[in-house]
Visitor: 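Handing you this structure, nothing more for now.
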2 protein chains.
Amino acid sequence: MEPALQWNDSPAACLHGLGVSACADCRVRQISVCAALDPHELTEIDSLSHPTAFPAKSTLFTQEDPASAVFNITEGMVRLYKLLPDGRRQIVGFALAGDFLGLALLDRYGVSADAITDTKVCRFSRSAFTAFLDKKPHLLRRLHEFASHELSLAQDQMVLLGRRTADERIAAFLMSLKERFARIGHTSITLPLPMSRQDIADFLGLTIETVSRTFSKLAKSGVIVVVPDGVRLTNLAQIKALATR
Amino acid sequence: MEPALQWNDSPAACLHGLGVSACADCRVRQISVCAALDPHELTEIDSLSHPTAFPAKSTLFTQEDPASAVFNITEGMVRLYKLLPDGRRQIVGFALAGDFLGLALLDRYGVSADAITDTKVCRFSRSAFTAFLDKKPHLLRRLHEFASHELSLAQDQMVLLGRRTADERIAAFLMSLKERFARIGHTSITLPLPMSRQDIADFLGLTIETVSRTFSKLAKSGVIVVVPDGVRLTNLAQIKALATR
DNA sequence: CGCGCCATTGACTCTGGTCAACGCTAGTGG
DNA sequence: CCACTAGCGTTGACCAGAGTCAATGGCGCG
């Protein structure tokens with residue numbers, strides 16, 4: 001168990017030195033980029049890491065800002081998005097525990113990121129991280145694998161946005177989120193949906209009304225049950241069929 | 001000048017030993033992944049490379065097939081796409097000279113690729129290439145930069161597919177293609193469009209009819225002139241305005 | 001010359017968007 | 001303790017942008 005923490009309201013509370021999220025007992029180590037590191041390297045990167053907490057709705061970084069830091073998410077959920085000048089928004093991904101933000105290592109962020117739930121991260125200064133990376137090709141290799149995986153997810157999302165109906169989008173969204181939660185140890189049939197309907201709509205290229213109507217339709221036909229902050233997937237086979245059609 | 005070549009109809013004609021596309025006088029070296037290599041390394045990779053020609057409409061590789069090779073495109077244009085079981089297609093990108101196919105280095109291809117025009121590539125066995133990569137971290141770093149750039153393009157495409165109108169999609173497509181052609185030395189106001197209307201539609205998440213109508217509409221309003229296998233961008237400012245709105 | 005492929009255009013349809021009303025819940029303050 | 005409000009989600013009625021279906025045109029090729 002971690003020690004109980006007093007959460008304050010200021011964004012990005014740094015927890016360094018509080019014995020929090022030390023690499024040694026990091027819950028996401030095996031599934032994060034850090035899995036590429038041996039015990040000695042783990043102590044090295046531990047000393048570079050700044051464990052930090054972001055309360056729900058706070059901003060991790062904003063598109064076009066100088067990329068001073070990169071992040072390894074240890075807990076919570078983050079939305080990554082781009083805005084058009086007139087305010088239209090496209091969410092390009094939801095980041096979960098184990099995900100890495102700032103993969104591109106560019107000097108400016110390509111997207112904006114804010115916490116959906118209370119979120120904990122390991123923050124690294126980008127310069128320190130890239131310097132460490134230059135000494136550890138196997139870590140770079142792992143980072144490249146993560147980036148390739150992201151690219152693959154992005155291509156799947158292009159298929160969804162370009163060629164799928166509203167029903168299929170919702171089904172595919174539920175299936176892929178279920179699989180991602182399973183990877184981080186949450187295997188329940190009840191899928192938490194901490195993001196708002198607007199977030200889901202902006203991820204799937206729909207409107208909030210269409211998302212709501214589609215949930216209702218799926219609920220009426222018995223394949224899901226809508227519960228507060230989530231859905232119960234009562235007919236997985238049917239959802240999978242819709243998702244992969 | 002290269003020696004004149006007799007093109008035969010067989011796909012994937014190997015030009016090895018014909019003095020074609022040697023790294024020393026490779027036209028795309030400075031903009032491709034190879035720019036990370038010094039002269040000595042260039043001779044090393046030269047010996048791994050199989051210069052190969054793919055005639056228009058031939059297949060480079062197919063989604064889910066074992067990824068035996070990776071490719072550096074030196075000339076031509078390739079479409080990368082995914083298919084749904086019922087035949088719906090989403091083109092996830094057009095690859096031009098200087099682009100690298102197989103960035104993910106996974107053991108199966110994540111997309112299918114076929115040549116739109118006659119295309120020349122440097123083909124590498126994936127195992128040989130990854131072995132070389134293990135000795136050259138700076139090449140891995142360059143590959144990672146390429147993958148990150150691809151990811152960024154994919155995110156832009158998600159915004160386009162999720163949140164832009166047909167007019168905006170066409171305008172954004174023309175602008176980004178123009179910029180990519182400019183990078184490889186083609187700066188004319190007349191933009192070649194070697195791909196079919198169906199290809200454009202499947203890239204932009206539209207139908208062939210909507211693409212055609214939108215071209216006609218833009219032509220009628222004077223911002224483009226449709227020419228055989230391309231368009232002349234007669235009012236760049238207007239197109240850019242539409243594209244970034 | 002005539003066939004086949006691709007692109008264009010028109011008429012009509014439909015999926016998903018827009019606009020609006022309403023309900024539920026949590027938070028606030030009298 | 002409850003009235004009031006604000007924010008989010010749901011639902012209904014209507015609308016419009018893009019899709020579908022079909023006819024026609026243009027061009028390259030055998």
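Naming convention: chains lettered A, B, ... in sequence-line order (proteins, then strands); numbering from 1 in each chain.
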Visitor: Think B:Arg213 has a side-chain N or O under 4.0 angstrom from the OP1 or OP2 of C:dT9?
Guide: no
Visitor: Quick one: does any side-chain atom of B:Thr52 pair with a main-chain N or O of B:His50 as donor and acceptor, under 3.5 Å?
Guide: yes
Visitor: Tell me whether the guanidinium CZ or amine NZ of B:Arg89 lies under 6.0 angstrom from the six-membered ring centre of B:Tyr81 and within 45° of its axis.
Guide: yes
Visitor: Provide, to the nearest angstrom, the distance between the CG atom belonging to B:Leu161 and the P atom belonging to C:dG16.
Guide: 15 Å
Visitor: Rounded to the nearest Å, what distance is computed from the CZ atom of residue B:Arg164 to the C1' atom of nucleotide C:dG17?
Guide: 18 Å
Visitor: Would you say A:Arg88 has more than 12 foreign heavy atoms packed within less than 6.0 Å of its CZ?
Guide: yes
Visitor: Between P on C:dC6 and CG on B:Asp229, what's the gap in Å once rounded to a whole number?
Guide: 13 Å
Visitor: Below the 4.0 Å mark, does C:dG17 have OP1 or OP2 next to a side-chain nitrogen or oxygen of A:Thr207?
Guide: yes
Visitor: Base, sugar-phosphate or nothing for A:Ser216? Non-hydrogen atoms, less than 4.0 Å.
Guide: sugar-phosphate
Visitor: Rounded off to whole Å, could you give me the CZ-to-C1' distance for the B:Arg88 and D:dG19 pair?
Guide: 13 Å
Visitor: OP1 or OP2 of D:dG19 versus the side-chain N and O atoms of B:Thr210: is any pair under 4.0 Å?
Guide: yes
Visitor: Suppose we call a contact any N or O donor and acceptor under 3.5 Å apart; does that hold for the side chain of A:Glu209 and the base of C:dC19?
Guide: yes
Visitor: Could you check how far CG of A:Leu193 sits from C1' of D:dC8, rounded to whole Å?
Guide: 15 Å
